Each structure stands twice: as structure tokens, then as C-alpha cells.
2 protein chains.
Amino acid sequence: MGVADEQGLDTVLGKAVALLRAFGADDRLLPLAELVRRTGLPKGTVHRVAGDLVHHRLLEKTEHGYRLAGGLFELGMRAATERTLLEVAMPFLQDLYERTHETVHLGVRDGTEVVYVAKIGGHRQARSPSRAGGRMPMHCTALGKVLLAHADPAVRSAVLSGPLPRRTPHTIVAPGLLEQQLDRALEAGLAFEREESTPGLLCVAAPVLQPDGATAVAAISVTGPIGRFRPEAHQNAVRAAATALASTLARRPGGL
Amino acid sequence: MGVADEQGLDTVLGKAVALLRAFGADDRLLPLAELVRRTGLPKGTVHRVAGDLVHHRLLEKTEHGYRLAGGLFELGMRAATERTLLEVAMPFLQDLYERTHETVHLGVRDGTEVVYVAKIGGHRQARSPSRAGGRMPMHCTALGKVLLAHADPAVRSAVLSGPLPRRTPHTIVAPGLLEQQLDRALEAGLAFEREESTPGLLCVAAPVLQPDGATAVAAISVTGPIGRFRPEAHQNAVRAAATALASTLARRPGGL
DNA sequence: CCACAGCGTACCGGTCAGTGGAACGCCGGG
DNA sequence: CCCGGCGTTCCACTGACCGGTACGCTGTGG
């Protein structure tokens with residue numbers, strides 16, 4: 001890997017996007033110098049482009065640095081797939097939460113990762129690293145595994161043949177074992193996770209299938225802390241929510 | 001107003017942002033020609049810039065046109081203010097929903113408008129035009145009125161002196177009457193709305209005040225359909241949620 | 001007290017990325 | 001068949017963008 005092989009840094013747009021993407025999932029405020037470091041762009045350039053972004057309300061300038069601004073939030077919430085999914089799914093997620101009172105996730109697959117579209121939870125919610133709009137690997141999360149099980153074979157083998165980074169002592173890093181679990185998940189229409197992504201967390205997930213029943217457009221999960229939480233106790237509720245959402249989506253005109 | 005006085009259309013970034021913003025709150029799929037019409041940019045230019053945006057995962061190209069892509073959603077969910085607010089507030093909104101089983105909104109003020117940060121509701125939710133990430137005028141919504149009441153005097157008078165577009169027969173279009181209501185809202189820490197933005201909808205909202213108690217950083221509301229829904233019945237629940245959220249926010253280190 | 005390092009800001013001439021008008025091929029409909 | 005609307009491609013000109021350089025500020029430690 002070269003020094004500046006991230007494609008597109010030589011166009012204004014590329015620089016702008018790079019600046020925005022320089023903000024990690026946990027960064028709130030980044031000083032100009034830090035943006036310079038992360039993007040590798042010249043200081044003057046960052047100054048100028050960041051200024052332009054501020055002008056367009058995508059970035060906000062404070063005394064101590066830049067932050068992603070509200071305009072970005074507004075645009076993001078207009079993204080077609082996520083918005084539709086979110087609006088249609090919300091009532092079902094709501095029901096599921098009310099039935100379980102545990103953290104509820106809605107996620108989709110993007111490439112070989114899971115993207116969380118929604119996360120709802122109450123005061124007792126388990127401390128989980130997930131965020132709406134965030135990403136996680138597929139092999140170590142219930143959502144990921146169930147999405148992968150119901151995905152195109154090409155995707156499945158892409159993940160299986162790629163590296164399976166260990167995140168906890170319980171993470172499944174053996175491709176064979178993972179494949180076994182995927183088969184079982186495909187059969188059961190349900191996947192489990194036991195401290196595979198985060199210590200102390202358990203999870204059940206069910207797929208939201210397309211009308212043809214083949215691949216999954218999304219998945220729903222319930223997460224809780226080890227101890228009080230028993231995934232099996234919620235599997236029916238999760239599955240019910242997922243299938244209900246699926247049939248509602250199927251009834252939609254434009255699809256998706 | 002000239003023909004192309006929207007500032008910044010003569011820079012790549014400006015064009016790009018214009019393209020993204022060309023997508024209204026309800027547009028899912030826009031053909032190239034439509035983008036050309038809305039932005040006023042030359043066809044070739046739109047083609048190229050849109051292509052670049054696709055390349056950066058901000059736009060998605062389909063057979064029938066372009067749509068805002070997932071990358072935008074991910075970026076949007078990282079926006080500092082909205083994200084923090086959303087994460088901290090979620091449990092309180094959840095509680096409120098569970099207590100009322102009506103549509104719950106979380107909103108902030110931006111300029112002279114309300115921006116909805118979250119909207120949660122179940123299957124029985126009233127048909128409201130609001131969307132997460134969407135905007136509404138302040139004078140005709142409970143959220144807007146309570147935010148305005150607890151806002152800087154400059155903002156208040158800016159709205160009062162501006163036009164107050166009529167949206168329904170019940171919309172308050174008289175500045176004097178609105179001011180009266182704002183005073184009452186400031187005093188009561190609570191604002192009501194009765195079919196002022198949308199026929200058939202009623203709403204109560206309470207402010208999420210800053211530690212100093214002066215201005216509001218956000219507001220929470222409960223909305224329901226005329227008939228079964230009585231705003232007064234929920235005013236205590238809404239106020240409780242708002243103050244609880246406020247004190248939780250106050251306890252946060254970085255503020256905001 | 002001053003040298004220094006790190007930061008944010010500002011300037012500016014050269015150049016190449018971006019520009020947009022024009023022309024093309026493809027439909028579908030009259 | 002001809003026509004209007006669409007998406008795509010091409011290309012020579014030009015001004016928007018580039019990034020090195022220099023400045024002023026602040027805190028730090030020698």
C-alpha cells in the first residue's frame with residue numbers, strides 16, 4: 001500500500017469527502033492540525049476546503065476545531081434505502097423493544113460489513129459499541145451472521161475467505177466453524193452471538209427477507225447483557241418482528 | 001433575485017452540494033434530466049459531477065435515476081450535535097412513547113425553523129408530515145413554539161417580524177397572538193398545537209433547557225390525532241421527559 | 001526572558017482539473 | 001417516419017484550485 005493511494009485525493013470533491021470521512025465514529029471535534037494529519041493534505045488546502053465545507057453547512061467551526069454539522073445530518077436522513085427502511089420498520093422495532101425492553105437493532109449489509117440503521121434502547125440498555133450509522137464486521141455479530149447466511153454465495157465466500165479478526169476470546173475465527181453456524185442460521189432463520197464482538201453481550205438476530213425468500217434486505221436483533229439476558233427467550237419475538245416487517249415491505253409499491 | 005444567485009454554483013463543491021440538496025425530503029429517485037432542471041446546471045456537468053459523487057458513495061445510480069446513497073447516511077449519523085442528542089435522549093423518548101403510545105418527536109432549532117432529530121411511533125401513529133432530518137416552520141408547531149419561546153430574543157423577533165405562512169385554517173398568522181402564546185409557553189414551560197400545521201393533529205411540547213435555564217437546546221413533543229388524543233393528558237409526561245433529559249445532558253462533561 | 005514548536009491564518013502565481021457547449025445514439029410516441 | 005426527450009461522450013479553453021511560503025499567536029521550557 002502506497003502513501004496516498006486512497007483514490008481521489010487529487011480532486012476537490014475527493015478532498016472534501018476525505019475531510020468529512022476523517023471524522024471517525026467517535027470523534028466530535030477535530031482541530032485543523034489533526035485533519036491535516038489524518039488526510040495527509042497540505043495545511044493550506046485543508047484550511048481552504050474546510051472553510052468551503054463550513055460555508056455549505058457540512059462542517060461547523062468552533063474555537064477548538066471543526067465538527068460535522070447539521071446539514072450533513074439532514075442530507076443523511078434523506079438517503080433513500082435507509083430512510084424507507086427506518087420509517088417502515090420503526091413501529092415493529094418499537095413493539096419489539098416494548099416486548100423485550102432490551103436494545104433493538106436494525107441493520108443492513110454493505111459489502112462485507114454490517115451497517116446499523118437504527119438502534120433503540122432504554123435506560124437499562126447494555127453498553128454496546130454499536131451506533132446508528134456505524135459499522136461492524138459480519139463474522140462476530142448476530143446481525144452480521146444472519147445477514148451473511150441469507151446473502152449471495154459470493155459474499156459469503158468473500159467473508160469466509162477473508163480474515164476473521166478476533167475481537168474477544170469468543171470470536172469465531174475458524175472459517176469452518178463460521179460456515180457451520182451460517183448453515184444453521186440459514187436453516188433456522190435465526191442467528192446467535194455470545195460475547196463474540198463485545199465481552200458481556202449476547203444477541204439474537206432474524207433476517208428480513210425479500211418476497212422471494214432468498215436474500216435478506218435487512219435484519220433485526222435484540223441485544224442484552226450476559227446474566228439476566230437469555231437470547232433464546234426472545235428468539236420468537238425477534239423472528240415475528242422480522243417477518244412482519246418483511247411482509248409490510250413486500251406490500252410496498254416501489255419495492256425496497 | 002437573479003437567475004443563479006444561489007451562492008457557490010461555480011465551484012465543484014457547490015455543484016456537488018447543490019446536486020445532493022436537489023433531493024427534496026420526499027424524493028427517492030431523480031433522473032439526470034430532473035437534476036439538471038432543479039439545479040440549473042448544464043447537462044454534461046451534472047452527468048460528470050453526479051458520476052463523481054457516485055464514486056464517493058454519496059450518490060447511487062440506478063436504471064431510472066440517481067438516489068442518495070448509504071455513505072451519506074453514515075456521515076450524517078456522525079454529525080456531532082444530533083448524534084449526541086439522539087443517543088442521550090433515546091431512552092427518555094422511549095419511556096415517553098411507552099407511557100403514551102403516541103408519536104414522539106425530538107427537535108432542535110436551526111435558524112428560524114425546527115429540525116426533527118428523532119421521530120418514534122408505533123403502528124397507531126398519527127399521519128404526520130414530519131420526518132427525522134426534516135424541517136418545519138416554528139410558528140405552527142408545538143415544538144417550534146416552545147423552542148422559540150425559550151430562544152434568544154433576537155430569534156423570537158426575527159420570526160415574529162417575518163411572514164407566518166398559513167398551513168391550515170387554524171394556523172396562527174397574527175404576530176400578536178403568536179407572541180401571546182409564546183409568553184404563555186415560556187411561563188408554563190409547555191406549548192400546544194391544535195391543527196396548526198396539519199389538519200387533524202394535536203401536539204404538546206416541552207423544552208429541554210440548558211443548565212442556566214435560559215435557552216432551550218432541544219424540545220420533546222407528543223403528537224396524536226384529534227378525537228382520541230388529548231394533549232393536556234400528556235403534558236406532565238412530556239415535561240418530565242424533557243427535564244430528565246435536560247439534567248442528564250447537564251451532567252455531561254463536554255457539554256452539548 | 002527569549003527561543004522554539006505547534007497551531008491557525010493569509011497570500012499568490014502557475015497549471016491542470018474542471019468546464020459546458022455541441023454532437024451522438026437511443027428510445028417511445030404521434 | 002420524424003421528432004422530442006433522455007443519457008452519454010467528446011474536447012479545447014480557462015479560471016478555480018493548488019500548495020509552498022510566510023505571518024502572528026500562544027503556551028512551554030530552558
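On a predicted model such as this, the values are computed, not experimentally measured, just so you know. Protein chains get the first letters and strands the later ones, always in sequence-line order, with residue 1 at the start of each.
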**Q** According to the side chain to side chain donor-acceptor pair (under 3.5 Å) rule, which pairs have a member within residues 33-44 of chain A, sequence neighbours left out?
**A**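 Those involving residues 33-44 of chain A are A:Asp27-A:Arg38, A:Glu34-A:Arg37, A:Glu34-A:Arg38.
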**Q** Where does the angle between the aromatic ring planes of B:His105 and B:Tyr116 fall among parallel (under 30°), tilted (30 to 60°) and perpendicular (over 60°)?
**A**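 The rings of B:His105 and B:Tyr116 sit tilted, inter-plane angle from 30° to 60°.
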**Q** Just verifying a value: how many Å separate A:Leu53 CG and A:Lys61 NZ, rounded to the nearest 0.5 Å?
**A**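 Here the interatomic distance stands at 12.0 Å.
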**Q** What residues form a side-chain hydrogen bond (donor to acceptor under 3.5 Å, both in side chains) with A:His47, not counting sequence neighbours?
**A**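 So A:His47 forms no side-chain hydrogen bond (donor to acceptor under 3.5 Å, both in side chains) with any residue.
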**Q** Please state how far atom CG in B:Asp52 lies from atom C1' in C:dA17, giving the value in whole angstrom units.
**A**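 So the CG-C1' distance, B:Asp52 to C:dA17, works out to 11 Å.
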**Q** Looking only at heavy atoms, what is the nearest atom pair of B:Thr103 and B:Ala126, with distance?
**A**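 Nearest heavy atoms, B:Thr103 then B:Ala126: OG1-N, 3.7 Å.
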**Q** Enumerate the residues from residues 16-23 of chain A whose closest heavy atom to DNA chain D is under 4.0 Å, giving them by residue number; use none for an empty result.
**A**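 Here the set is empty: none.
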**Q** Take the protein atom CG of A:Leu59 and the nucleotide atom C1' of C:dG8, then report the distance between them rounded to whole Å.
**A**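 So the two atoms are 15 Å apart, to the nearest Å.
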**Q** Taking any atom under 4.0 angstrom from a heavy atom of chain A, which nucleotides of DNA chain D are the first and last to qualify, 5' to 3'?
**A**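 On DNA chain D, the outermost contacted nucleotides are D:dC17 to D:dG19.
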**Q** Side chains of B:Thr84 and A:Arg28: is there a donor and an acceptor less than 3.5 Å apart?
**A**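 A:Arg28 and B:Thr84 do have a side-chain donor-acceptor pair below 3.5 Å.
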**Q** A:Thr243: what forms a side-chain hydrogen bond (donor to acceptor under 3.5 Å, both in side chains) with it, not counting sequence neighbours?
**A**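 None.
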**Q** Under 4.0 Å between a side-chain nitrogen and a carboxylate oxygen: does that hold for B:Arg57 and A:Asp110?
**A**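 A:Asp110 and B:Arg57: salt-bridged.
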**Q** Are the side chain of A:Thr62 and the backbone of A:Gly65 linked by a donor-acceptor contact shorter than 3.5 Å?
**A**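 Yes; judged by distance alone, with no hydrogens or angles, the pair exists.
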**Q** Please give, in whole Å, the distance from C:dC7 P to A:Glu34 CD?
**A**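 The answer, rounded to whole Å, is 9 Å.
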**Q** Salt bridge check, A:Glu74 against B:Arg135: does any charged N sit closer than 4.0 Å to a carboxylate O?
**A**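 Answer for the salt bridge query: yes.
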**Q** From C-beta outward on A:Tyr66, which listed nucleotide comes closest to its side chain: C:dG18, C:dC7, C:dT9?
**A**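 My answer, after comparing the listed nucleotides, is C:dT9.
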**Q** What are the atom names and distances for every N/O pair under 3.5 Å that joins the protein to nucleotides 20-23 of chain C?
**A**
residue	atom	partner	partner atom	Å
C:dG20	OP2	B:Lys15	NZ	3.1
C:dG20	OP2	B:Thr45	OG1	3.2

**Q** In whole angstrom, give the distance that lies between atom CG of A:Leu30 and atom C1' of C:dC7.
**A**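 Distance, rounded to whole Å: 15 Å.
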**Q** For the pair made of CG in A:Asp10 and C1' in C:dA17, what is the distance, rounded to whole Å?
**A**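 Rounded to whole Å, this separation is 9 Å.
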**Q** A:Arg83 side chain to A:Leu85 main-chain N or O, any donor-acceptor pair under 3.5 Å?
**A**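 Side chain of A:Arg83 to backbone of A:Leu85: no pair is present.
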